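Encoded as structure tokens, the structure appears first; notes follow it.
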Amino acid sequence: MDFRLTDEQQLLRQTVREFAEAEIKPHVREWDDAQHFPAELIPKMAALGLMGVQFPEAYGGAGMSAIDYCLCIEELARVDPSVALSVAAHNGLGPAHIGMFGTDAQKERWLGRLASGELLGAWGLTEPGAGSDAAGTRTTAVRDGDGWVLNGTKTFITHGGSADVMVVMAVSDRSRGAKGISAFVVERGTPGFVTGRKEDKLGMRASETTEVRFEQCRVPADHLLGEPGQGFIQALQVLDAGRIGIAALSVGLAQGAFEAARDYALARRQFGRAIATFQAIQWKLADTATRIEAARLLTYRAAFLKDQGRRTTLESAMAKLYSSEIAVRAAEDSVQIHGGYGFVKDYPAEKFFRDVKLTTIGEGTSEIQRLVIARQLLA
Ligand SMILES: Cc1cc2nc3c(=O)[nH]c(=O)nc-3n(C[C@H](O)[C@H](O)[C@H](O)COP(=O)(O)OP(=O)(O)OC[C@H]3O[C@@H](n4cnc5c(N)ncnc54)[C@H](O)[C@@H]3O)c2cc1C
């Protein structure tokens, strides 16, 4: 067992950190206020390999490992969790689904352009009536000649308004329950692929979230991923990998909130001395730093197992559950250490506190992670 990062990994972390500090940090407040999705960042992130971190080099990706991916997401989230969320959704959901289950022709067609930033990806599982219970999908796909016709509504879709390529789960055989759900690639511009309203969110405001509707939307037969009926089981495997990304996002966010609190505690003086000299503040910082390290280890372990080609249902759920919940606590303690200045937008603590709540909800709530973990333990 070797807990050290390689020289290449340290360089990668440093490179993404410098990018986030230079290109993202100056705009965090403005993008959050305006709910602006910074699409202008995409070419710069693509140049660093961030739009196809784990896609194979043969398909134009950066061919990096799951641990490398965690380092990238952590460093983005340390500065702006909403940019990290968009990068994690692009890398870890729709395009990852194509990478995991697409044919060579499908990967050739989409992965390279997704990695280069020419195309942006999205993934449509959640519906107004089917969130945690994704097997309750209502969107339908009906076979029609040499294609499929999709009808239904997807909700809370990251990049629902900007994505060029979206992987959509739809029921192709109602009689087979979850085994009757199939996955399709739908391209922007296809008639009947309609962007609905953009959500006005508590946090993660620079990451675009919209409704998407399919109205008699016809997709060619070769846009089906795998066989009919495999979409739901594919989606669960996509989520096993995606949750490692949300765990890394949570670790990075917690790190950013911690550093803000530490720096503030060293600078802020009350009763004639820095508040960092009070034991009450020191214990909060010590507990937060310890929890972050534990979360990081759980996350890297899940990533390591993924890199070994192992199934990580249990480890991903544990990493996501623990990292997101300690991140909520880290963000809350950061606000508390900032006192009244934690409650206003001039300091970063307030935004971390709003952004962090998504981590216990997206890609499966904490309750669903506990359910997944318990099922694995009791199987
Ligand atoms: C910013 C953002 C981005 C998102 N991006 C995407 C995306 O790109 N693609 C996509 O498909 N989805 C996306 N989602 C959707 C997200 O995955 C869902 O919101 C999440 O899975 C929860 O579903 P729900 O909102 O319908 O809540 P519900 O499932 O209605 O849950 C409500 C509450 O009930 C609890 N609950 C439900 N079932 C159980 C149970 N069996 N046992 C115990 N408690 C239970 C939940 O834990 C939760 O506390 C996004 C969401 C947000 C907020």
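Heavy-atom basis, side chains included; hydrogens, waters and symmetry copies ignored. Counting convention: from 1, in listed order, for ligands and their atoms alike. Keep in mind that what you see is a predicted model, and the values were worked out from it rather than measured.
Residues R188 and M166 form no side-chain contact, since every pair of their non-hydrogen atoms from C-beta on lies 4.5 Å or further apart. The shortest distance between side-chain heavy atoms of T153 and P128 falls below 4.5 Å. Side-chain contact check for W110 versus Y59: every heavy-atom pair is 4.5 Å or farther apart. With contacts defined as side-chain heavy-atom distances shorter than 4.5 Å, the pair K154/F214 qualifies.
A centroid separation of 6.0 Å or more is found between the aromatic rings of W123 and H90.
Counting protein heavy atoms only, atom 12 (N) of ligand 1 is closest to T126 OG1, 2.7 Å. Among all non-hydrogen protein atoms, the one lying nearest atom 20 (C) of ligand 1 is I361 O, 3.6 Å. Protein heavy atom in closest approach to atom 8 (O) of ligand 1: T158 N, 3.0 Å. For atom 48 (C) of ligand 1, the nearest protein heavy atom (residue, atom name, distance) is T365 CG2, 4.1 Å. The nearest heavy-atom contact from the protein to atom 9 (N) of ligand 1 is W123 O, 2.9 Å. Of the protein's non-hydrogen atoms, F156 O, 3.3 Å is the one closest to atom 14 (N) of ligand 1. Protein heavy atom in closest approach to atom 44 (N) of ligand 1: E367 CB, 3.6 Å. Distance from atom 41 (N) of ligand 1 to its nearest protein heavy atom, with residue and atom name: L371 CD1, 3.7 Å.
Distance remark: protein heavy atom not present below 4.0 angstrom from atom 34 (O) of ligand 1. In this structure, atom 50 (C) of ligand 1 has protein heavy atoms in its sub-4.0 angstrom surroundings. There is a protein heavy atom less than 4.0 angstrom from atom 38 (N) of ligand 1.
The distance from the NZ atom of K306 to the CD atom of E315 is 13.5 Å, given to the nearest 0.5 Å.
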Could you give me the CA-CA distance, side-chain angles and deciding distance for F343 and H338, then say whether ring pair (Phe, Tyr, Trp, His ring centres under 6.0 Å) is met? CA-CA 8 Å; F343 207 66; H338 281 77; over 10 Å; no
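Close approach of ligand 1 to T209 (heavy-atom distance below 4.0 Å) involves ligand atoms 1 (C).
Looking at L125 next to ligand 1, an N or O pair under 3.5 Å apart turns up.
A salt bridge between R213 and E211 is present, with a side-chain N of the basic residue lying under 4.0 Å from a carboxylate O of the acidic one.
Checking side-chain atoms of H223 against main-chain N and O of V185 turns up a donor-acceptor pair under 3.5 Å.
At least one heavy atom of E363 sits less than 4.0 Å from an atom of ligand 1.
For R4, the salt bridge (Lys or Arg N to Asp or Glu O under 4.0 Å) test picks out D2, with sequence neighbours left out.
Taking each of A88, S132, G131 in turn, the one with a heavy atom nearest to atom 29 (O) of ligand 1 proves to be S132. Counting heavy atoms only, L358 comes closest to atom 52 (C) of ligand 1 of the residues T360, L358, L93.
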